[in-house]
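Remarks on the structure that follows.
In the text below, chain A, chain B and the rest are named by the order of the sequence lines, each starting its count at 1.
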Amino acid sequence: MNYPYIKQFRKALVTWYLEEQRDLPWRHTKEPYQIWVSEVMLQQTRVDTVIPYYNRFIEKYPTAESLAYTPEEELLKMWEGLGYYSRVRNLQAGVREVVEVYGGKVPDNRVDISKLKGVGPYTAGAILSIAYGKPEHAVDGNVMRVLSRVLNIDADIALPKTKEIFEEAVTKLIDIENPSAFNQGLMELGALICTPTSPKCLLCPVRDYCTAFHEGNPSSLPVKSKKLKTKDIHYDVYVIRNKDGSYLMEKRMEEGLLANMWQFIMVERDEVENSLTKVEKQYNVILNRELIEPIISFKHVFSHLKWHISSYLVDAIETGELSQLNTAFLTKEQIESIPMPVPMLKIWGNLT
DNA sequence: AAGCCGGGGGT
DNA sequence: ACCCCAGGCTT
């Protein structure tokens with residue numbers, strides 16, 4: 001794009017953003033910490049999903065100091081249902097570093113802010129431009145889609161290397177006068193107008209500067225290669241109830257999928273007799289095999305795998321000492337206070 | 001560079 | 001069924 005057009009493109013984008021932007025909670029603040037929270041929640045997550053979580057989170061943890069030393073289980077409960085739970089662990093680690101190393105002030109340069117846990121190239125640029133007004137690129141999926149069309153770039157955006165092309169493009173195009181509105185304008189345009197399928201080109205404020213609109217095919221961009229196939233795993237989930245009306249639960253491992261979240265007893269599907277024997281032995285209980293009541297069967301899709309779950313309610317006739325520290329019989333009130341992944345919430349919700 | 005890490009909504 | 005979403009970390 002030639003220089004005169006760059007200036008006009010900036011102006012058109014920023015003017016449109018300032019007039020048409022949605023009223024979102026995190027647009028009422030310029031506190032770097034609060035912008036940070038919003039950006040982490042928005043990673044791979046839609047605006048409408050984030051809004052209630054953001055409001056609750058900021059109300060409870062309005063400052064870096066208030067978040068820094070909150071127990072992890074409480075944070076996971078606040079994050080419950082949002083997904084990608086390592087985000088909140090990393091956020092807290094980063095925030096704690098800000099409190100302890102930077103005196104509570106979020107760094108205002110890319111080198112230092114990028115050292116914080118959970119802050120990658122995008123989040124760094126977003127905080128720097130939105131909270132500090134720095135002319136830094138913030139390239140996410142929206143930006144790559146919009147600019148692939150405006151500049152008619154057909155490089156494969158699934159390749160990490162391709163992102164550098166767009167970072168350089170933004171660095172060249174960005175409005176020094178209002179980096180915040182420019183970066184958010186690109187993303188807002190991607191969310192409202194320059195959508196993945198059927199972009200609303202006739203309503204686009206930068207249509208005049210869009211190469212794909214004039215010389216190419218906006219709908220065919222961006223190019224993205226790799227598509228992943230999910231693996232199928234079948235589980236039987238046993239909701240085991242003791243004489244007190246408490247339920248046997250276990251906490252997942254500290255790392256990996258759904259780390260540190262709680263679940264009912266879950267075993268890979270097998271012959272029913274084998275499953276029950278395995279459960280009885282491992283958790284030192286004797287189950288009433290005469291009365292196994294199906295609760296619900298469903299599929300739960302993750303980004304890289306698919307769970308097929310069948311769940312059952314069964315009474316423990318006898319219970320012994322639980323050998324593992326991460327297992328316990330919990331009351332209804334306790335269960336509703338611990339963080340559980342959505343599949344377990346679904347089973348719990350169908351229990352009564 | 002590729003795999004891992006959730007969940008929901010749109011088409 | 002498939003795609004994508006205000007991505008980052010680990011290997």
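- A/N288 contributes no side-chain N or O that, together with a main-chain N or O of A/I317, makes up a donor-acceptor pair within less than 3.5 Å.
- Here the side chain of A/R145 pairs a donor or acceptor atom with the backbone of A/C194 at under 3.5 angstrom.
- For the C1' atoms, the distance from C/dC5 to B/dC5 is 15 Å, rounded to whole Å.
- Across all strands shown, A/Y122 has heavy atoms under 4.0 Å from base atoms, whether or not it also approaches the sugar-phosphate.
- Of the side-chain N and O atoms in A/H300, none sit less than 4.0 angstrom from OP1 or OP2 of B/dG6.
- Among the heavy atoms of the strands, none lies under 4.0 Å from A/R89.
- Contact check, A/Q43 against C/dG7: no side-chain N or O comes under 4.0 Å of OP1 or OP2.
- The residue A/W26 sits close to a base: some heavy atom pair falls under 4.0 Å.
- If A/D140 and A/L116 are placed on DNA chain C by their nearest nucleotide, the residue sitting closer to the 5' end is A/D140.
- Rounded to the nearest Å, the gap between the P atom of B/dG8 and that of C/dC9 is 24 Å.
- One P atom belongs to B/dC4, the other to C/dA6, and the distance between them is 24 Å to the nearest Å.
- Within 4.0 Å (heavy atoms only), A/T123 reaches sugar-phosphate atoms of the nucleic acid but no base atom.
- Nearer the 5' end of DNA chain B, as judged by each residue's closest nucleotide, is the contact made by A/R87, out of A/T197 and A/R87.
- In this structure, A/L258 reaches the sugar-phosphate backbone alone: every heavy-atom distance under 4.0 Å involves primed, P, OP1 or OP2 atoms, never a base.
- Per the geometry, CZ belonging to A/R22 stands 13 Å off P belonging to C/dC5, to the nearest Å.
- The nucleotide B/dG6 finds no pairing partner, because no Watson-Crick or G-U wobble arrangement with both distances shorter than 3.5 Å includes it.
- Taking atom P on both nucleotides, B/dG9 is separated from C/dG8 by 24 Å, rounded to a whole Å.
- The aromatic ring centres of A/Y53 and A/W79 sit 6.0 Å or more apart.
- For A/R46 against C/dC4, a side-chain N or O and a base N or O form a donor-acceptor pair under 3.5 Å.
- What separates NZ of A/K299 from P of B/dG8 is a distance of 16 Å, to the nearest Å.
- In this structure, the nucleotide among C/dC4, C/dG7, C/dA6 sitting nearest to the side chain of A/K224 is C/dC4.
- Remark: A/Y84 is not in phosphate contact with C/dC5, judged by side-chain N or O atoms under 4.0 Å from OP1 or OP2.
- Rounded to an integer number of Å, the gap from NZ of A/K306 to C1' of B/dC4 is 18 Å.
- Contact between A/Y209 and A/A12 at its shortest, heavy atoms only, is CE1-CB, 4.1 Å.
- The shortest distance between the side-chain N/O atoms of A/R145 and the OP1/OP2 oxygens of C/dC5 is below 4.0 Å.
- Rounded to whole Å, the distance from CG on A/L128 to C1' on C/dA6 is 15 Å.
- For the pair A/N142 CG and C/dC3 P, the computed distance is 18 Å after rounding to whole Å.
- Among the heavy atoms of the strands, none lies under 4.0 Å from A/G190.
- At the heavy-atom level, A/P222 lies nowhere under 4.0 Å from the strands shown.
- The residue A/V47 sits close to a base: some heavy atom pair falls under 4.0 Å.
- The residue among A/E39 and A/V119 whose nearest nucleotide of DNA chain C is located toward the 5' end is A/E39.
- Ring centroids of A/H300 and A/F298 are separated by 6.0 Å or more, keeping the two rings apart.
- Each of A/I113, A/D108, A/D112 was compared with A/Y102 under the side chain to side chain contact (heavy atoms under 4.5 Å, CB included) criterion, and only A/D112 meets it.
- B/dG6 atom P lies 16 Å from atom CE of A/M41, rounded to whole Å.
- Relative to the side chain of A/N90, the nucleotides B/dG8, C/dG7, C/dC9 differ in distance, and C/dC9 lies closest.
- Of all heavy-atom pairs between A/W16 and A/G185, the closest is CZ3-O, 3.8 Å.
- Looking at heavy-atom distances under 4.0 Å, A/T49 makes no contact with the nucleic acid at all.
- In this structure, the CD atom of A/E255 is 20 Å from the P atom of C/dG8, given to the nearest Å.
- Between the CZ atom of A/F166 and the C1' atom of C/dA6 there is a distance of 16 Å, rounded to whole Å.
- Between the base of B/dG6 and the side chain of A/T45 there is a donor-acceptor pair shorter than 3.5 Å.
- A/R252 places no side-chain N or O within 3.5 Å of a backbone atom of A/Q263 that could act as its donor or acceptor partner.
- Distance from the side chain of A/H304 is smallest to B/dC4 among B/dC4, C/dA6, B/dG7.
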